[in-house]
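Take a look at the structure set out below.
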Amino acid sequence: MGLTTALLAGGLTIVHHMPTLRLNTPVQYVPGVGPQRAELFTRLGLRTAADLLFNFPRDYQDFTEVRGIGQLEDDLSLSVRGKVEELDQRVSTAGRTITGLLIRDAAGDHLRAVWFNMAFMRDKFHIGQEVLLSGKVKQKGLVWEMSHPRVQYVDEAADADAPLLPVYRLTEGLKQLDIRAAARAALEGCTGQIEEALPEEFLAEHDLWPIEKALPQIHFPADGDNLKRAQRRFIFQELLILQLALGIRRVQIRADVAPKIDVSALVDARIRRLIPFKLTWGQEQAIAEISRDLQGEQPMNRLLQGDVGSGKTIVAVYALLAAVAAGYQGTLMAPTEILARQHAQTLSGMLAQAKAKVIELHGGISASARTEALRQIAAGEVDLVIGTQALLQADVKFARLGLVVIDEQHKFGVRQRAGLQAAGFQPHTLVMSATPIPRTVTMTLYGDLDISSLRDPVPGRQPVHTYIVEEAKRQGWWDFVREKLRQGRQAYVVSPRVDAGEATSAEERYEALANGELEEFRLNVVHGRLSSEDKELRINAFRDGETQVLICTTAVEVGLDVPNATLMTIEDGERFGLAQLHQLRGRISRGTHLGFCSVFAEPKTKEAQERLVAFASTTDGFALAEKDFQLRGPGEIFGDRQHGLPPLRIADLMRDEAILEESRGAAEGILKDDPQLARTELARLRALVAQHYGQALQLGSVG
Ligand code: ADP
Ligand code: MG
């Protein structure tokens, strides 16, 4: 039998009969693997037979759409399978490198594939190799042609009649064939031993295949439909486990004791007297939700989501003042010093007549001022502390911290909520974010938070017109800027942050404009290399209207609020992400005048091109977020390792929105009846939750 042979081949003496594979059998003893290949499998993290079972294909070779070259139709997207007969490469008169490939299918018909400016494609093939090409076919004279098709290499020994073949992650020295064979053997040997994690009625309720049916089909699907069903089972399970973990976390957070902050009618009236405008419906709604949370016994954990300029600050201010009125301290943490100072000014301004005391805490204050600030915070002599991440340092001790507000929380990269603790209770937390993110990401990244959303812009907002400007039209744009500046408006000019020379790029821009296009105006420059005081002075001068044009790096990206600034020029626009561009544009939609944003850019990739087109086509932050997500995926958007999104092996937040919704509902249902997952039929599910998220979510006790 297979296993015995494998063991013998490995040089071991078998003294007794080993009947079958077990889930924990080392991969070396899976038929056909052996000790040498086992080493390679291990490199892929595949140590046991069970690992092979759950090593889901990253893709499939789809032969269901394969057609004979004789049966092609113009302009249809199809696959063609054949052997490489010729390879050629030449440079066209226009200077493009053209790589060509001629393949011949089983019936003897030919198809040509071409790639432009992708010289490296030539090295990806050899004569006689069997390939599967997918793409749009076009008839060019007598030959069928595909340009830039998707290429898959077909193993010689691939089952000629399998409709779909799995494609696994590989490492040097291993072939698809090897992993396929091992996966097959593991499936044959141990599918029956896998414990079902989901109760039978649950499977029925959500139309999910049981695991012993889904496992073989996800590796070797009988057809496309079966593959979908099998994938659905595992995607659902993966998202369910995630949502259970988030749900448990939600319950855990709520278990802490919170300061009780009553917002009486009197307090409400007092706070409102300080607000210089009528709140929007969304702001009212958010304030009502927050007030309700603050009065509860459990700590609030709420995300306030709203596009740039939707008026989040005042909602936070309301909550902070409510905390102070109830006798607690409040703190507001911003991602940059500039923003912290702006918030401090807003609050101090509003509270000029009130008793509440506001102080700042960030890198820009002197050591002695800091020592004094820490003393006052610990003694309870200040009510509101506005700062940056400096607030999280260990020696910052609050006397009676009631509320923590974190502004532009996505800027912190990781979820910075811990650290701020007061003795005896857990403060309420309000997290604010202006990066509109796709709903699915919200549900994942912030799945343990309650959410309030500000959907509408504040009243009186004027739209922003956006232009992607060609180099030749630059003069026209500066004419326009000059005209608006003369009418009293203000302008930003933004250069990207350059690794080594951030200061230089902004400084150079400043020199050039001050002695050129904008010489008749009052200009200033702000970038990361300036001291805090200097930065503040310059920004205040702009806020006060003394400076008409602010040349800057992305220092202005978040939060800066100068309503009279309505013009924005973005240099090297191809170097900014969509979210960043959107944030930048948010700076000039703050007042009652129309905003104008021009992006100078030389997109060098298709992605950069699409990004700019999307940016110019809408000011809807949510639409842009979806687009960004499609173009780049979550890793890029949220910063690679720091994005805080859990690793998903099979689910895809963009594609699987419907399943995510369903699994979230299912998780809520399960936890409502059984918050600890204590029922015996949930034992396996509980173990999986602990295994995947035990550490991250402090669920150790759950397993
Ligand atoms: P963001 O949500 O981007 O943080 P802000 O809170 O900075 O937005 O608000 C943007 C601007 O809109 C500020 O100048 C603020 O004073 C103003 N604002 C906020 N709410 C209202 C409102 N209800 N009516 C008029 N102006 C408002
Ligand atoms: Mg803000």
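Here, residue 1 is the first one in the sequence, and each next residue gets the next number. Remember, it's 1-based here, ligands and their atoms both numbered in the order they're listed. Being a predicted model, the structure only gives us computed values, none of them experimental.
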Closer than 4.0 Å to some heavy atom of [X] - which atoms of ligand 1 meet that?
{"X": "P459", "value": "24 (N)"}
{"X": "T280", "value": "23 (N)"}
{"X": "L279", "value": "23 (N)"}
{"X": "T313", "value": "4 (O), 5 (P), 6 (O), 7 (O)"}
{"X": "K278", "value": "22 (C), 23 (N), 24 (N)"}

Close approach of G306 to ligand 1, heavy atoms, under 4.0 angstrom: no
Any S310 heavy atom less than 4.0 Å from ligand 1: yes
NZ/NE/NH1/NH2 to OD/OE distance under 4.0 Å, E289 and R302: yes
Check: E602 side chain, E574 main-chain N or O, donor-acceptor pair, under 3.5 Å: no
Side-chain heavy atoms of T569 within contact of W477, under 4.5 Å: yes
Those residues that, when tested against Y467, pass ring pair (Phe, Tyr, Trp, His ring centres under 6.0 Å) (two or more places apart): none
F615: partners by ring pair (Phe, Tyr, Trp, His ring centres under 6.0 Å), with sequence neighbours left out: none
Straight-line distance of D479 CG to R482 CZ, nearest 0.5 Å: 4.5 Å
